[in-house]
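We're numbering straight along the sequence, starting at 1.
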Amino acid sequence: MRLRGETAYMKIVILDGYTVNPGDNPWDGLARLGELVVYDRTSPDKIVERGEDAEIILTNKTPLSAETLTRLKRLRFIAELATGYDNVDTAAAGRLGIPVANVPGYSTDSVAQHTLALLLELCNRVAEHAAAVQQGEWAGSPDFSLRKGPLTELAGKKLGIIGFGHIGQRVGEMARSFGMEILAYNPHNRNRPAPFPVTWLGLGEVFAEADAVSLHCPLTAENMEFVDAGLLSTMKKRAFLINTARGRLIHEADLARALENGTIAGAALDVVSREPIAPDNPLLHLRNCLITPHIAWASIEARRRLTETAIRNVEAFLQGEPINIVNSRYLGQAGETV
């Protein structure tokens, strides 16, 4: 800790601030709390160099492994610029006495809205039809109505939601307004109360019965690539798969084969296993797979809520009363090997 006159302050380093603040979401509130250094992006080989003098580090997707954390000798607090924190070895941080705070709930409405936008695009094919009009297909059509493929009405259809936390529930609430029936699977808290009618089913039952399945669960060691050929084969041929959670929940090669073979009708993804997407990703050029570049969370409203909460997390730590800590069960275990 450094001293500036009578006031204690710390060096604060943001490793990858650009996606949160490309110029429209200032860091002013954070700059008032210490000596702030902001990097737009940080490659793994630069993390220690840039963070070695930092007492507080903020990261969005820059990885903080156990090995990296042991080399950051001054580090006392990690503030995630996200809800998910799988880029940080939280157990190792805890054993080193470093609390990790995340930002829960900031993007619920934005992610839910994007999920419904993807579902509506699969059903109404708005972009495809708008492009056809611009390319002159409607002007040259003999009919007053030009259809590029089947259109689907949501009323009466079943939406399966995997992971029924805040986002999953908000998606269900929005889908209900379209007249959809909600099927839900939540592995760690089954049959949790919901403010609207929900049918609770097993994982396989949801995939088999739903007309569309939407993923809203965190990525864990247990569920990595759980959406595989076997599970996809149980879905209806006219069903859709939507993922706005984490890319590695899906076995991408299996999904590509399912889309190519007509096992399911379509998929819409905002996340993939490697981001930015790899040029050889098997899903990249499939006509019945919509991919957006991890933007569901990124509305200006959501990003400002994210920044405000991250600042509160840092303030609370500096005041000795940290909040939103995700690794509390590991803190104080410094005797263990990292």
Review point. Picking from Leu15, Asp16, Asn87, what satisfies side chain to side chain contact (heavy atoms under 4.5 Å, CB included) with Asn60?
Key: Asp16
Exercise for review: Supply the members, apart from Ile323, of the Ile/Leu/Val/Met/Phe/Trp/Tyr cluster built from side-chain contacts under 4.5 Å; use none for a lone residue.
Suggested key: none
Practice item. Would you mind listing the cluster partners of Trp138? Hydrophobic ones only (ILVMFWY), side-chain contacts under 4.5 Å, chaining allowed. Key: Val133, Leu146
Exercise for review: Taking side-chain contact (heavy atoms from CB on, under 4.5 Å) as the test, write out the residues that go with Asp86, two or more places apart.
Suggested key: Arg246
**Study point:** Residue pairs, two or more places apart or on separate chains, that pass ring pair (Phe, Tyr, Trp, His ring centres under 6.0 Å) and touch residues 19-69
**Key:** none
Review point. Under the salt bridge (Lys or Arg N to Asp or Glu O under 4.0 Å) test, which residues partner Arg257, sequence neighbours left out?
Key: Asp254
Exercise for review: For Ala278, enumerate each residue passing the side-chain contact (heavy atoms from CB on, under 4.5 Å) test, keeping only those at least two apart in sequence or located in another chain.
Suggested key: Arg274, Asp280
Under 3.5 Å, which donor-acceptor pairs do the side chains of residues 148-166 form with other protein atoms, sequence neighbours left out?
| from | atom 1 | to | atom 2 | distance (Å) |
| --- | --- | --- | --- | --- |
| Lys148 | NZ | Glu137 | OE1 | 2.8 |
| Lys148 | NZ | Glu137 | OE2 | 3.3 |
| Lys157 | NZ | Glu153 | O | 2.9 |

Point to revise | Shortest non-hydrogen contact between Arg76 and Pro99, atoms and distance | key: O-CD, 3.2 Å
Review point. For residues 258-271, which residue pairs qualify under side chain to side chain donor-acceptor pair (under 3.5 Å), counting only residues two or more places apart or in two chains?
Key: Asp270-Thr292
Exercise for review: Can you tell me which residue pairs pass the ring pair (Phe, Tyr, Trp, His ring centres under 6.0 Å) test with a partner in residues 61-83, sequence neighbours excluded?
Suggested key: Phe77-Phe317
Using distance only, find each side-chain donor-acceptor pair of residues 176-184 under 3.5 Å and give its atom names and separation, not counting sequence neighbours.
| from | atom 1 | to | atom 2 | distance (Å) |
| --- | --- | --- | --- | --- |
| Ser177 | OG | Met174 | O | 2.5 |

**Study point:** side-chain contact (heavy atoms from CB on, under 4.5 Å) partners for Ser233, two or more places apart
**Key:** none
Revision key, fill the gap. The salt bridge (Lys or Arg N to Asp or Glu O under 4.0 Å) partners of Arg303 (sequence neighbours excluded) come to Asp24
